[in-house]
Amino acid sequence: MKALRRPARRLAPEPLAEPGRGRRRLAVAIPVLALACGLVAGGLAGERLASRRGAAPSATPADAGPLVGRATGPVEQLRGAGTLLFTDPQGRVHAQTTDGRDHRVLGQLGELAARSSQQGSDLDAAARLAYPTDDRSAELAPDGDRIYLRTADGAAAMGRLLDGSVRRLVPTGWKSPVLPRHAADGSVLGVCGYRLGGERLPAVAAARSWVLDGAGDRLATLPGCLYDLSADGGQALVADPGEGRRAGPVPTAQVQRGNPVGGSDQLTRGLRVWRRGDGSFRPVLGFAEVTRVFRTVRPGVDPRGLVIVTAALGPDGRQALVRIVDTLTDVDPRAGAETELLALVDLERGRAQPIPEHLPGYLAFLPTGGYVYTGGAGTATYVPRDQPPRLLRSGIASEAVYGIVPGPDGAWLLLAGASWRFIRADDPSVQVSYPAPGHLAAWVPAPDEQADSP
């Protein structure tokens, strides 16, 4: 397979915006110390989520030969659908065409070795307040050299395969709930960080975000957590501290009948969009709307416990998917009580509408429009633009799926787990699966397509 090429385009650094803020794309880390992007409150379902999603199984290395013979479904249709980048337990990073025909090792990064044994070692109680819906242990940039990860002590970091270096992206003593977000070409990064405190109970004492250039040098510092970054790096979806002050601190909470955590005034109660060009902010989701939309599914909810824990920015910048959690409930959600809500937000109007899913899990937008999400009943649902929802598959929970990732052009969707299941977006009945050759790190265009792109 041809070498992956580094994109040439890069944005120039700009001055700090406000003293004091990745591309994702839906992807994946591990149920670890995850304090949600919204910092943390959200899954207050820590223990319930851990049992619902489970830890992703270790995948076998990809040096066992071509996968074509072990695939089910029309694997030939995946030819030309892009390149999959993944890691193995030894810390090696691999590239493989989507149809499994071509494979090569890109390099090795010691920090990635035996990640599965490190991930569960840092579960402080406050971190259980929420689990992000991005459960990859690492994400690789399209250039095949830069790799985004979280270190063993929970800090967002960037490594380079070429020289084996790892650069921490948050200050000493700070941790990150998820991997760095990044622009499509890696020229801009967004990192969320938090610091724990509390006298009697662990609590989130501070939440902050940093915007960095592709080399990891700081461009801006923002209060609150950064949730997502636009493909061009020009906008970021971040917490709105003003809404946090309006709503008041989140009280001390019980983590789904588990360890109690201290109250905090640093959790996310509303969202705003930050513009990189002029450093300005635009409010897009207020706490009053958060409360209103949650009460459509549970009228009697105590608004003091409502916290945004996950948010994804739509490809056109006009919509967002947001997961809201009631951190004060002591009701078992399996009994039917709505303890979480997935909502689609119109960022122009600041209005949210509930998505009918009792226990939302992973979520993502497709680059062509529409979105997909998983549910607690082991389902995956695809909602195309201006079309009725389509059930992609049921029973995925039994396969320990750890992420949903759309292909570069949106034609295919990947459910990643012990096996990789590819589903055609225009016809979900067309599916291809084969044993996972490693832990997914990215799905990028084929090298020739990257060279031709602007």
Side-chain angles (χ1 to χ4, degrees), residues 34-49 52 125-133 177 194 197-198 200-205 207 224-225 227 239-271 283-311 321-345 350-361 376:
L35 217 139
C37 273
L39 252 170
V40 311
L44 242 179
E47 296 184 359
R48 191 240 319 155
L49 285 175
R52 180 174 100 212
R128 295 189 199 176
L129 278 174
Y131 283 79
T133 57
Y194 67 93
R200 293 182 303 161
L201 296 173
V204 178
C225 193
Y227 287 86
D240 188 338
E243 293 302 311
R245 291 188 291 271
R246 188 171 289 108
V250 176
T252 297
Q254 189 81 13
V255 183
Q256 288 293 331
R257 302 174 183 177
N259 297 324
V261 296
S264 174
D265 61 358
Q266 297 292 307
L267 308 187
T268 300
R269 310 293 222 139
L271 296 171
V284 294
L285 181 63
F287 184 67
E289 182 65 6
V290 168
T291 302
R292 183 200 68 79
V293 72
F294 206 100
R295 282 179 169 167
T296 62
V297 297
R298 212 166 110 229
V301 68
D302 184 343
R304 297 178 304 155
L306 297 181
V307 177
I308 295 170
V309 298
T310 309
L321 285 171
V322 174
R323 186 162 66 96
I324 306 166
V325 171
D326 173 17
T327 66
L328 298 182
T329 185
D330 59 359
V331 178
D332 187 339
R334 291 172 296 184
E338 299 296 343
T339 60
E340 299 185 29
L341 172 70
L342 183 62
L344 181 66
V345 180
R351 296 286 289 180
Q353 62 182 64
I355 292 174
E357 173 51 57
H358 176 54
L359 294 173

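With hydrogens and angles disregarded, a donor-acceptor distance shorter than 3.5 Å links the side chain of Ser264 to the backbone of Val204. Remark: the backbone N or O of Gly286 is not paired with any side-chain donor or acceptor of Glu243 at under 3.5 angstrom.
The heavy-atom pair separating Ala352 from Ala343 by the smallest distance is CB-CB, 4.2 Å. Residues Glu338 and Arg298 approach most closely at O-NH1, 2.8 Å, considering heavy atoms. Summarising the geometry of Pro283 relative to Asp240, their closest heavy-atom pair is CB-OD2, 4.1 Å, with the distance given to 0.1 Å. Of all heavy-atom pairs spanning Arg323 and Pro360, the tightest one is CD-CG, 3.9 Å. Taking all atoms of both residues into account, the shortest heavy-atom contact from Leu341 to Pro354 is CD1-CB, 3.7 Å. Here the shortest heavy-atom pairing between Gly197 and Ala205 reads N-CB, 3.8 Å.
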Start with the C-alpha distance between Val325 and Leu306, add both sets of side-chain angles, then the distance that settles side chain to side chain contact (heavy atoms under 4.5 Å, CB included), and finish with yes or no. CA-CA 6 Å; Val325 171; Leu306 297 181; over 6 Å; no
Quick one, Ile308 with Val290, criterion side chain to side chain contact (heavy atoms under 4.5 Å, CB included). Give me CA distance, side-chain angles, the key distance, then yes/no. CA-CA 8 Å; Ile308 295 170; Val290 168; 4.0 Å; yes
Please report the C-alpha distance between Arg269 and Val250 in whole Å, then the side-chain angles of each, then the deciding distance to 0.1 Å, and finally whether the side chain to side chain contact (heavy atoms under 4.5 Å, CB included) criterion is met. CA-CA 9 Å; Arg269 310 293 222 139; Val250 176; 3.5 Å; yes
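Take Arg292 and apply the side-chain hydrogen bond (donor to acceptor under 3.5 Å, both in side chains) test, not counting sequence neighbours, and it matches Glu289. For Arg295, there are no side-chain hydrogen bond (donor to acceptor under 3.5 Å, both in side chains) partners two or more places apart in sequence or in a different chain.
Considering CD1 of Ile355 and CG of Leu344, their distance stands at 5.0 Å, rounded to 0.5 Å.
Side-chain contact between Tyr194 and Pro177 is present, with at least one heavy-atom pair separated by less than 4.5 Å. Between Pro303 and Phe287, the closest side-chain pair of non-hydrogen atoms falls below 4.5 Å.
Applying the side-chain contact (heavy atoms from CB on, under 4.5 Å) test between Asp302 and each of Thr327, Thr291, Asp326, Leu328 identifies Leu328 as the sole match.
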